Amino acid sequence: MALVLQRVYDVYQEFLIDRRDMRSAHLPLAGSPWPLATLLATYLYVVLYAGPRFMAHRKPFDLRNVIRVYNIVQVLINSVIFTWIVVKIFIVYKDYNYSCQVCHYSSDARGMEEMYLSYSYFMLKVLDLADTIFFVLRKKQSHVSFLHVYHHTIMATGSYFGLLYVPGGHAIMLGIWNTLVHAVMYFYYFLSSFGSQYSEWWKKHLTRMQLLQFIHLAFHFGIPLFFNHECKFPRVWLVIGFLQAIFILALFMDFYIKSYIVKRKKQ
């Protein structure tokens, strides 16, 4: 037992301390993994068990104004981060390599900008967890689907470890796509809260946009993984990015087929 505990400690020391990028270690939630692990464990416990039990004999909370403010805040933050990335990477530096973009681990202006962009994106994924809390408090437990909970949990976890090991580089395309899609998505949510007659149109095209996102990301991570073996971006992260894009694409494709193709044929 002592040997097992020693091995666990050695792995923890090697991968979460020795090999990580220490430039972000001082930032909130970016140092030790335990605060984030505790937060995610609490999130899963609340949205899957404690929350539904708490709301079982209560009326749904009226959170319309709170959610409207939250949606606008999300639109603004996602738009700012999207613009920041695009301006810095494609206009200021103009050196993005679509087949293999390496990370800048230096402490110069370029390296620190990409690190803080990665940290901002990570914190944004933590903020996204509030979506599920709102569903629970409004007694919309059917919205707390496997796709929804898995996506929110894996994005917070993945963005944390991305900050630790690959802050920027080839993975920054994920941040570009995700902030763009989320800016549009939360604007759609904002409009829908007022009963917009175009909400169904927005929803359908938003799903198509998400499908396009994951198709492109599968190619984005797949090209250096399968065709550019000299790429210095860590291959394990290319594998993770590629498989994650394929998996989420399959889930969204299943949702799209059931919601817009099968449903339309039945009608």
Side-chain angles (χ1 to χ4, degrees), residues 19-27 30 73-128 155 158-187 205-206 208-246 248-249:
R19 291 193 180 187
R20 66 158 291 172
D21 180 2
M22 295 302 295
R23 295 176 301 169
S24 58
H26 66 287
L27 298 172
V73 168
Q74 281 278 13
V75 171
L76 293 175
I77 295 176
N78 277 281
S79 299
V80 167
I81 295 177
F82 171 78
T83 305
W84 185 9
I85 297 174
V86 169
V87 168
K88 286 295 183 180
I89 301 301
F90 300 108
I91 298 177
V92 176
Y93 297 115
K94 301 179 183 179
D95 62 351
Y96 193 83
N97 187 333
Y98 291 93
S99 64
C100 178
Q101 179 70 10
V102 297
C103 292
H104 294 268
Y105 294 104
S106 63
S107 295
D108 60 11
R110 172 70 178 275
M112 295 304 291
E113 280 177 349
E114 291 199 16
M115 186 277 289
Y116 278 111
L117 278 169
S118 297
Y119 177 71
S120 300
Y121 180 73
F122 160 60
M123 293 301 290
L124 191 55
K125 297 305 100 182
V126 173
L127 177 63
D128 288 352
M155 289 302 292
S159 59
Y160 171 76
F161 284 105
L163 173 66
L164 264 57
Y165 301 111
V166 283
H170 206 71
I172 209 165
M173 184 60 69
L174 172 62
I176 293 173
W177 263 115
N178 198 252
T179 51
L180 173 61
V181 169
H182 277 67
V184 176
M185 181 180 74
Y186 282 103
F187 186 62
H205 285 79
L206 175 60
R208 289 177 174 175
M209 188 178 185
Q210 290 169 319
L211 291 172
L212 179 61
Q213 170 191 196
F214 293 113
I215 290 171
H216 178 258
L217 288 175
F219 279 101
H220 181 71
F221 288 107
I223 289 173
L225 176 63
F226 297 113
F227 303 106
N228 188 354
H229 298 293
E230 296 181 358
C231 181
K232 300 301 181 183
F233 190 85
R235 293 188 64 78
V236 64
W237 286 97
L238 295 176
V239 172
I240 292 172
F242 176 75
L243 293 179
Q244 181 67 10
I246 293 296
I248 298 295
L249 174 62

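Here the structure is a predicted model, which is why all the values come from computation and not from measurement.
Considering only heavy atoms from C-beta on, Met155 stays 4.5 Å or farther from Asp128 through its side chain. Side-chain contact between Tyr116 and Pro167 is absent, with no heavy atoms from C-beta onward closer than 4.5 Å.
Around the OH atom of Tyr93, the shell of radius 6.0 Å holds more than 12 heavy atoms that belong to other residues, nucleotides or ligands. No more than 12 heavy atoms of other residues, nucleotides or ligands lie within 6.0 Å of CZ in Phe227, so this atom counts as exposed by the packing criterion.
Classification of Arg23 and Asp21 as a salt-bridged pair holds, one side-chain N sitting under 4.0 Å from a carboxylate O.
Side-chain N or O atoms of Glu114 include one that pairs as donor or acceptor with a backbone N or O of Gly169 at under 3.5 Å. Between the side chain of His104 and the backbone N or O of Glu113, no donor-acceptor pair lies under 3.5 Å.
The two residues Ala30 and Leu164 have their closest heavy-atom pair at O-CD1, 4.0 Å. When all heavy atoms of Leu27 and Met115 are compared, the closest pair comes out as CD1-SD, 4.0 Å. What you find for Ser99 and Pro224 is that their closest heavy atoms are O-CB, 3.0 Å. Contact record, Val75 with Ala183: CG2-O, 3.6 Å, taken as the closest heavy-atom pair. A pairwise comparison of heavy atoms in Cys103 and Phe233 identifies SG-CE1, 3.6 Å as the closest pair. Considering all non-hydrogen atoms of both residues, Arg20 and Tyr160 come closest at NH1-OH, 4.4 Å.
Atom CD1 of Ile246 is separated from atom CG of Leu217 by 10.0 Å, given to the nearest 0.5 angstrom. Within the model, atoms CG of Asp95 and CZ of Phe90 stand 10.0 Å from one another, a figure rounded to the nearest 0.5 Å. Going from atom CD1 of Ile85 over to atom CD1 of Ile91 covers 13.0 Å, rounded to the nearest 0.5 Å. Rounding to the nearest 0.5 Å gives a distance of 12.0 Å between OH of Tyr119 and CG of Leu124. Atoms OG and CE, from Ser24 and Met22 in turn, are 8.0 Å apart once rounded to the nearest 0.5 Å. From Met123, atom CE reaches atom OG of Ser118 across 13.5 Å, with rounding to the nearest 0.5 Å.
At a cut-off of 3.5 Å, with distance as the only test, a side-chain donor of Gln74 or Asn78 sits close to an acceptor on the other residue.
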Does the side chain to side chain contact (heavy atoms under 4.5 Å, CB included) test come out yes or no for Leu206 and Val181, once each step is laid out?
CA-CA 8 Å; Leu206 175 60; Val181 169; 4.2 Å; yes

Kindly determine whether Ile223 and Asn228 satisfy side chain to side chain contact (heavy atoms under 4.5 Å, CB included), including the steps that lead there.
CA-CA 7 Å; Ile223 289 173; Asn228 188 354; 5.5 Å; no

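Contacts classified as side-chain hydrogen bond (donor to acceptor under 3.5 Å, both in side chains) and involving residues 230-246 (residues at least two apart or in different chains) are given here: Tyr150-Gln244.
Using a 30° and 60° split on the angle between ring planes, Tyr98 and Tyr96 fall in the perpendicular class, above 60°. Note on ring orientation: taking the six-membered ring where Trp is involved, the planes of His170 and His220 are parallel (angle under 30°, cut-offs 30° and 60°).
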Can you give me every donor-acceptor pair (side chain of residues 171-180, partner residue at least two apart or in another chain, under 3.5 Å) with its distance?
residue: Trp177; atom: NE1; partner: His216; partner atom: ND1; Å: 2.9
residue: Asn178; atom: OD1; partner: Tyr121; partner atom: OH; Å: 3.1
residue: Asn178; atom: OD1; partner: Lys125; partner atom: NZ; Å: 2.6
residue: Thr179; atom: OG1; partner: Gly175; partner atom: O; Å: 2.6
residue: Thr179; atom: OG1; partner: Ile176; partner atom: O; Å: 3.2

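By the side chain to side chain donor-acceptor pair (under 3.5 Å) test, Tyr105 is found to be paired with no residue, residues two or more places apart in sequence or in another chain being considered.
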